[in-house]
Amino acid sequence: MEAGKRKTEEEQQTLVDRKRKAEISEPPTTTTTVTMNAVETLVTQIQGLSGSPNDVVALHAHLNKVDEALRGESARLLPFLDQIDPSIHSLGYLYLLDACTSGPVSKELAANLVLITSRFITSCSTEQIRLAPEKFTGMCKRFKDQVLLIEAPMRGVAPLLVAVRKVQPSSEHLTSLHPDFLQLCLLAKCYKTGLSLLEDDIFEVTQPRDLFLYCYYGGMICIGQKHFQKALELLHNVVTAPMTSINAIAVEAYKKYALVSLIDNGQFSPGLPKYASSSAQRNLKNFCQQPYIELANTYSTGKIAELETFVQKHREKFESDNNLGLVKQVVSSMYKRNIQRLTQTYLTLSLQDIANTVQLNSAKEAEMHVLQMIQDGEIFATINQKDGMVRFLEDPEQYKSSGVIERIDSSIQRLMTLSKKLTNMDEQMSCDSLYLAKAGRERQRFDFDDFDSVPQKFNM
Amino acid sequence: MASSSSSGLTFKLHPLVMVNISDHYTRVKSQMNPPGGDSAAVKAPAPPPRVYGCVIGVQRGRTVEIFNSFELLYDSATDSLDRAFLLKKQELYKKVFPNFYVLGWYSTGSDAEESDMHIHKALMDINESPVYVLLNPAINHAQKDLPVTIYESEMHVIDGIPQLIFVNSSYTIETVEAERISVDHVAHLKPSDGGSAATQLAAHLTSIHSAIKMLNSRIRVLHHYLVAMQKGEIPYENSLLRQVSSLLRRLPAIESEKFQDDFLMEYSDTLLITYLAMFTNCSSTMNELVEKFNTAYDRHSRRGGRTAFI
């Protein structure tokens with residue numbers, strides 16, 4: 001407390017000096033001096049009121065009032081930031097920083113601001129930040145824009161991860177910062193950091209747009225890391241999320257969804273499950289008919305040559321959608337699929353025969369493919385290099401070890417918590433007024449059967 | 001009250017009697033305090049009621065076997081049991097069970113009281129030496145024995161005055177197969193349609209669960225005791241240690257790799273089935289949720305053709 005007081009006195013002194021200098025150096029207009037005074041008093045207030053939680057709440061109310069005035073002075077507020085400590089006076093710092101960045105920002109200023117903001121984000125106190133989450137989110141979004149402006153997305157990745165964790169009420173909530181963070185990860189190509197955020201299960205979403213972007217970017221990150229299963233899940237979420245009218249994110253996601261589905265499952269059915277919104281079910285297919293769904297049809301024939309000609313034909317379309325890399329992976333997955341089909345027919349096969357069936361150029365290439373697949377765990381086989389024979393084996397996993405049992409046990413536990421959540425949601429849904437209105441409307445006339453205790457529901 | 005009887009009679013108690021007494025007590029208690037009392041009023045817990053009744057059975061030589069019991073009303077004005085009703089009931093029972101006599105009476109409480117002697121003496125004209133069965137309704141989880149005590153009356157000379165006092169008698173539990181099955185059935189309160197496989201499975205698993213829980217708690221007690229012995233808080237007792245060691249040497253019954261393999265395989269099979277069951281459960285909840293959501297929020301849902309959700 002003593003140190004704080006002394007500091008305030010020193011600050012007062014420097015402030016007074018500065019003011020005098022300002023007065024001497026340029027002819028001061030009365031309004032500027034008045035506002036500067038206001039800012040100084042604000043700074044002292046921030047320093048004084050950041051002690052206990054009650055004080056902070058009072059400070060918050062006060063800051064809200066002066067917010068507009070602060071924004072007007074955005075250009076001149078930068079030096080005042082040095083006088084307050086971001087870890088103790090987080091709320092005040094946030095408001096000042098937010099006001100600083102509200103105006104148009106040049107490239108040099110952006111570089112400076114990026115440094116200040118990243119330091120602030122890493123050191124700010126979580127409780128104070130949670131009092132003004134929208135301001136914090138807005139400031140972080142502007143931070144992302146600045147980082148992109150100076151073309152160094154890597155510098156924004158770590159601070160934004162910290163920011164996301166600080167502003168989330170719990171790990172199950174989706175904030176608006178999640179998609180921004182993932183976007184930066186994609187641009188900076190640090191997929192692993194992005195994956196760490198995707199590990200959390202999301203149960204609470206406030207803005208639908210956040211969900212769409214989060215799942216779309218998340219899907220792209222998983223594709224980058226070759227986790228096709230998880231990518232499929234995330235893209236599926238985008239495509240089947242409730243939407244009243246079709247949006248562009250869903251269309252792009254559907255295209256990628258088709259391609260990833262081909263790579264991972266070897267097949268793609270254009271139909272959507274019944275929990276997808278009706279607008280998605282009707283319109284998505286039309287947007288993606290050419291060439292994605294046709295690509296899926298060609299894939300299902302199993303002939304590599306046809307597939308390759310098709311890809312060549314529609315090359316520009318794929319390129320304009322930024323999907324060409326993915327399409328190439330689809331083509332290479334075709335080889336894998338054909339080799340896998342061979343395991344079901346043959347016990348042993350020579351490398352040359354494999355090359356012929358799968359339409360590879362030589363036995364050497366076939367050997368490389370098979371080796372890669374054995375390493376990835378996609379087939380189980382042994383290659384006898386003496387006579388060039390490949391012997392296909394059964395899956396040696398017996399699922400008898402205690403490790404397997406632990407895995408099943410933890411899955412059951414997870415499923416139990418999920419089941420509880422689902423029952424809660426179901427009950428909430430039953431009480432929802434919209435649902436009750438619609439369900440009641442379709443009621444039949446009272447009939448003797450209606451007094452049966454068994455509910456009459458026909459779910460086709 | 002002396003601690004042990006010297007009459008030399010052996011008592012055999014049937015579980016039906018205990019179930020009857022406990023049922024009588026529970027009924028009266030729950031009728032006294034209606035369930036779901038309002039929380040606003042501060043209700044001091046009423047003292048547990050005392051219930052009274054008669055026990056009947058057979059006496060063959062030195063063995064007294066108590067088969068059945070029936071309830072009696074206690075008249076607090078005259079401090080005695082309702083005699084007319086007792087005689088009427090006795091007559092009815094005689095018609096069905098000609099061998100049974102009124103052997104004594106029962107009551108609930110934690111200890112025999114002086115006022116019980118009046119009732120006891122009143123019954124002495126029906127049976128020269130009635131027995132007094134006392135059930136302690138307080139639930140004590142630590143107690144391992146049944147909370148039932150049987151008292152006899154004996155003439156003892158205290159302070160120069162011959163007095164009748166209650167003396168504690170030992171007893172054994174005796175049962176026939178039919179009785180065991182029915183008491184078991186009642187005790188486990190199976191639902192009325194106990195035939196369905198699901199409830200049977202649930203009941204089976206519940207009993208296994210309680211058995212394992214008890215085993216676990218007993219082992220924990222032993223373990224705690226051994227640890228204390230190791231730390232030196234309790235003096236070594238070699239006979240106990242020998243017993244524990246012999247117990248431990250009896251496990252494990254089988255220890256071989258083949259057994260481990262098969263065991264783990266069966267275990268993972270069971271777990272997988274449980275997992276599958278949970279999955280199905282979750283999927284059906286999710287399906288219902290999606291249906292409701294579509295009904296509520298989808299603008300162009302199927303019109304008609306869907307019957308009401310009752």
Side-chain angles (χ1 to χ4, degrees), chain A residues 240 242 244-245 273-279 281-282 398-402 404-409 411-416 418-430 432-446 449-460, chain B residues 191-193 196 198-199 201-202 205-206 209 212 252 254-310:
Chain A
T240 54
T244 44
S245 59
K274 73 171 179 187
Y275 49 85
S277 64
S278 54
S279 54
Q281 279 174 359
R282 277 175 303 172
Q398 288 282 13
Y399 301 107
K400 275 196 283 201
S401 66
S402 42
V404 168
I405 291 180
E406 271 182 39
R407 257 176 54 200
I408 304 181
D409 200 37
S411 304
I412 295 180
Q413 302 281 6
R414 261 185 25 223
L415 205 52
M416 273 161 61
L418 182 63
S419 166
K420 277 196 202 104
K421 280 209 166 70
L422 270 180
T423 346
N424 277 342
M425 281 174 71
D426 193 30
E427 281 169 18
Q428 274 182 1
M429 199 69 211
S430 312
D432 188 65
S433 48
L434 266 178
Y435 167 70
L436 287 171
K438 290 224 179 127
R441 210 188 302 156
E442 295 175 6
R443 224 179 162 79
Q444 290 168 330
R445 303 245 166 267
F446 266 105
D449 295 328
D450 275 4
F451 294 103
D452 203 340
S453 57
V454 176
Q456 320 271 327
K457 268 203 289 193
F458 300 111
N459 295 321
M460 295 299 173
Chain B
S192 55
D193 58 336
S196 94
T199 48
L201 178 67
L205 286 177
T206 323
H209 176 238
I212 293 183
I254 319 176
E255 184 83 59
S256 78
E257 208 180 294
K258 179 116 193 2
F259 171 70
Q260 194 74 359
D261 260 358
D262 286 342
F263 172 67
L264 282 177
M265 188 130 74
E266 193 159 327
Y267 188 33
S268 62
D269 279 345
T270 323
L271 276 182
L272 272 175
I273 306 264
T274 323
Y275 191 42
L276 185 64
M278 285 247 53
F279 237 112
T280 319
N281 195 11
C282 258
S283 313
S284 95
T285 325
M286 181 116 67
N287 186 35
E288 289 194 17
L289 178 63
V290 165
E291 288 280 338
K292 292 192 180 124
F293 188 80
N294 279 345
T295 328
Y297 289 102
D298 225 1
R299 264 185 308 177
H300 308 280
S301 59
R302 290 202 321 241
R303 291 172 205 278
R306 191 185 299 229
T307 49
F309 160 70
I310 301 180

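Note on naming: letters A, B, ... go to the chains in the order of the sequence lines (proteins, then strands), and numbering restarts at 1 for each one.
Residue A:Asp432 touches chain B through its side chain alone, counting heavy-atom pairs closer than 4.5 Å. Only the backbone of A:Ser401 has a heavy atom closer than 4.5 Å to any heavy atom of chain B. Both the backbone and the side chain of B:Phe279 come within contact range of chain A, with heavy atoms under 4.5 Å apart.
Two residues are said to be in side-chain contact when any heavy atoms from C-beta on lie closer than 4.5 Å; B:Phe293 and A:Pro242 meet this criterion. Residues B:Leu289 and A:Gln428 have side chains not in contact (no heavy-atom distance under 4.5 Å, counting atoms from C-beta outward). Counting heavy atoms from C-beta on, the side chains of A:Lys274 and B:Glu291 come closer than 4.5 Å.
When all heavy atoms are compared, the tightest approach of A:Leu415 to B:Cys282 is O-SG, 4.0 Å. A pairwise comparison of heavy atoms in A:Ile412 and B:Leu271 identifies CD1-O, 3.5 Å as the closest pair.
Rounding to the nearest 0.5 angstrom, the gap separating the CG atom in A:Asp409 from the OG atom in B:Ser268 is 12.0 Å. B:Met278 CE to A:Leu418 CG: the interatomic distance, rounded to the nearest 0.5 Å, is 9.0 Å.
The salt bridge (charged side-chain N to carboxylate O under 4.0 Å, His left out) check on A:Lys421 picks up A:Glu172, with sequence neighbours excluded.
Shown here is B:Glu266, whose CD atom has no more than 12 heavy atoms of other residues, nucleotides or ligands within 6.0 Å.
Without hydrogens or angle criteria, A:Asp426 side chain to B:Val290 main chain gives no donor-acceptor distance under 3.5 Å.
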